[in-house]
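Working notes, beginning with the structure itself.
The chains referred to below are lettered A, B, ... by the order of the sequence lines, with proteins before strands, and numbering in each begins at 1.
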Amino acid sequence: MAGLFASPKGVAEYVPPDSERFLAVRIALSAPARRAGYGYIELPIFEDTALFVRGVGESTDVVGKEMYTFTDRGDRSLTLRPEGTASVVRAAIEHGVLQGTLPVKLWYAGPFFRAERPQQGRYRQFQQVGIEALGVNDPALDAETIALADEALRSLGLSNFRILLNCLGDAESRPGYREKLLTFLRGLDLDEATQARAEANPLRVLDDKRPQVQRQLADAPLIVDSLSDSAAQHHQQVRAYLNDLGIAFEDAPKLVRGLDYYTGTTFEVVHDGLGAQSAIGGGGSYDSLIGDLGGPDLPGIGFALGVDRTLLACDAEGIDLGAHPSCDVFLVPLGVGAKQVLVKLAAELRMAGIRVDMAFGDRGMKGAMRAADRAGARIALLVGDREISSGVATVKDLATSEQVEVSADSLVDFIQEKLR
RNA sequence: GUGGGUGUAGCUCAGCUGGUAGAGCGCCCGGUUGUGAUCCGGGUUGUCGCGGGUUCAAGUCCCGUCACUCAUCCCA
């Protein structure tokens with residue numbers, strides 16, 4: 001039915017029963033981090049625009065053309081958050097949590113916004129689950145971060161994904177490499193936009209996916225060949241830890257990612273069954289972001305996993321996420337008196353932790369039983385004048401069609417036992 | 001921004017070279033005066049995306065427009 005309104009362009013909406021699958025994915029993605037000492041952080045959906053400009057980087061596509069920016073009534077420029085790391089770092093600094101034991105481990109989940117052309121797996125409002133570990137530079141922490149992403153995806157039953165790994169170098173190795181790469185890029189036949197990108201941030205040209213560009217990049221100088229001793233050692237240790245953990249990864253020397261704050265370890269998780277938008281997650285470390293946002297000079301590392309895309313990956317792999325029935329017991333009242341009894345019983349059963357729904361409206365017995373079936377209930381509980389006068393309820397097992405009368409006193413216990 | 005595809009019942013879709021709209025699923029009712037799923041019978045739903053044009057006649061052809069979608073770019 002065409003109503004008066006449609007959802008804004010490009011937002012991902014989930015209604016039952018699909019929404020149950022979405023929830024299952026979101027919960028699964030955060031579970032490994034919660035087991036690894038990450039605390040939940042609830043962040044604002046909008047922030048000072050300057051936070052993203054400074055944090056994500058002016059030369060990025062995200063800041064350059066994808067932000068939902070507006071002015072509030074106090075003439076402040078605010079932006080719907082396009083990513084989570086800048087907010088986490090801002091909040092960590094603001095609340096002084098970096099004064100405590102390091103690393104500070106935080107996870108978040110929720111919607112993010114980018115004004116792009118929507119397509120399969122790319123939405124203007126999309127959902128991420130992310131983690132950030134702030135304050136410590138340790139290859140073991142880098143490896144743990146990647147392991148948590150791997151574990152999150154595997155816990156859903158996913159297997160057709162690959163982890164791409166690279167190292168973008170530290171403050172010592174970066175400037176020299178940047179010059180070397182820029183010199184190389186200037187000698188190529190690139191379109192105007194790409195030339196401009198090369199001047200602004202030469203690294204970003206490396207992961208241009210267009211064949212005509214990639215062909216020219218075959219002999220490009222690689223970051224891994226220009227790493228400082230300490231950066232190279234760090235990178236080797238991350239790889240060794242991952243090997244110890246049995247986590248398969250592919251070296252991707254041209255993986256850069258589009259956010260300017262990344263330094264050092266960088267990774268991306270791609271799935272081959274999703275069409276063009278194949279990245280279901282990604283992350284890396286950032287040595288100077290915390291300092292750039294006015295905090296102490298500390299590093300951080302984290303990742304974000306896309307819930308929408310992970311759900312698509314589950315679909316692509318035919319994974320059964322367990323569409324749970326929404327109730328255990330469905331109450332069927334026959335008559336007004338019965339409804340009074342059952343409304344109270346519903347509350348009582350729910351207090352006991354049982355999932356209960358009941359027939360509303362006046363659809364009659366047949367309709368009520370049908371509703372019980374549609375609700376996926378295991379038990380239908382019928383009460384009418386007969387039951388009321390003898391102080392019992394009729395309990396019907398919907399799978400076997402067997403039914404028994406149970407006295408009102410022992411009803412809750414009986415049902416709990418039966419559902420066990 | 002730039003290209004391609006598609007817009008018909010709640011959902012998935014059919015509708016040949018123009019002749020006044022269909023299937024499956026769902027939903028509702030009945031087959032038991034208090035019993036679902038199964039089975040049987042019956043029924044329900046459409047400004048055929050919107051606007052204009054051609055024609056005796058347009059879901060079908062033409063133009064425009066909007067929406068959705070896929071791809072490019074980039075990212076989750």
(request) Within residues 186-205 of chain A, find the residues that approach RNA chain B with a heavy atom at under 4.0 Å, and present them sorted by residue number. (result) A/R197, A/R204
(message) List the residues meeting ring pair (Phe, Tyr, Trp, His ring centres under 6.0 Å) with A/F112, not counting sequence neighbours, and say none if there are none.
(response) A/Y108
(message) Dot-bracket, 5' to 3', for RNA chain B please: Watson-Crick or G-U pairs under 3.5 Å, [ ] where pairs cross earlier ones, | where the partner sits on another strand, dots elsewhere.
(response) (((((((..((((.....[..)))).(((((.......))))).....(((((..]....))))))))))))....
How many whole angstroms separate atom [atom1] of [X] from atom [atom2] of [N]?
X: A/D308; N: B/A76; atom1: CG; atom2: P; result: 13 Å
X: A/Q214; N: B/C73; atom1: CD; atom2: P; result: 10 Å
X: A/M369; N: B/U35; atom1: CE; atom2: P; result: 9 Å
X: A/F52; N: B/A76; atom1: CZ; atom2: P; result: 14 Å

Polar atom pairs between nucleotides 68-70 of chain B and protein, under 3.5 Å, N or O only, would you list them?
unit_1 : atom_1 : unit_2 : atom_2 : d
B/C68  : OP2    : A/K9   : NZ     : 2.8
B/C70  : OP1    : A/Q120 : N      : 3.2
B/C70  : OP1    : A/Q120 : OE1    : 3.3
B/C70  : OP2    : A/Q120 : N      : 2.5

(message) Is it the case that over 12 heavy atoms from other parts of the model lie below 6.0 angstrom from the OH atom of A/Y14?
(response) yes
Mind checking what makes side-chain contact (heavy atoms from CB on, under 4.5 Å) contact with [X], not counting sequence neighbours?
X: A/Y40; answer: A/E42, A/W107
X: A/L23; answer: A/R26
X: A/T400; answer: A/D397, A/E402
X: A/N160; answer: A/H271, A/E317

(request) Mind checking salt bridge (charged side-chain N to carboxylate O under 4.0 Å, His left out) for A/R350 and listing every partner two or more places apart, or none if nothing turns up? (result) none
(request) List in chain and number order the residues that pass salt bridge (charged side-chain N to carboxylate O under 4.0 Å, His left out) with A/R122, two or more places apart in sequence or in another chain; answer none if no residue qualifies. (result) A/E116
(request) Scan nucleotides 37-42 of chain B nucleotide by nucleotide, 5' to 3', and note B when protein non-hydrogen atoms come under 4.0 Å of the base, S if they reach only the sugar-phosphate, - if neither. (result) B-----
(message) Once side chain to side chain donor-acceptor pair (under 3.5 Å) is applied, what residue pairs with a partner in residues 246-259 of chain A remain, sequence neighbours excluded?
(response) A/R162-A/E250, A/R239-A/D251, A/R257-A/E268
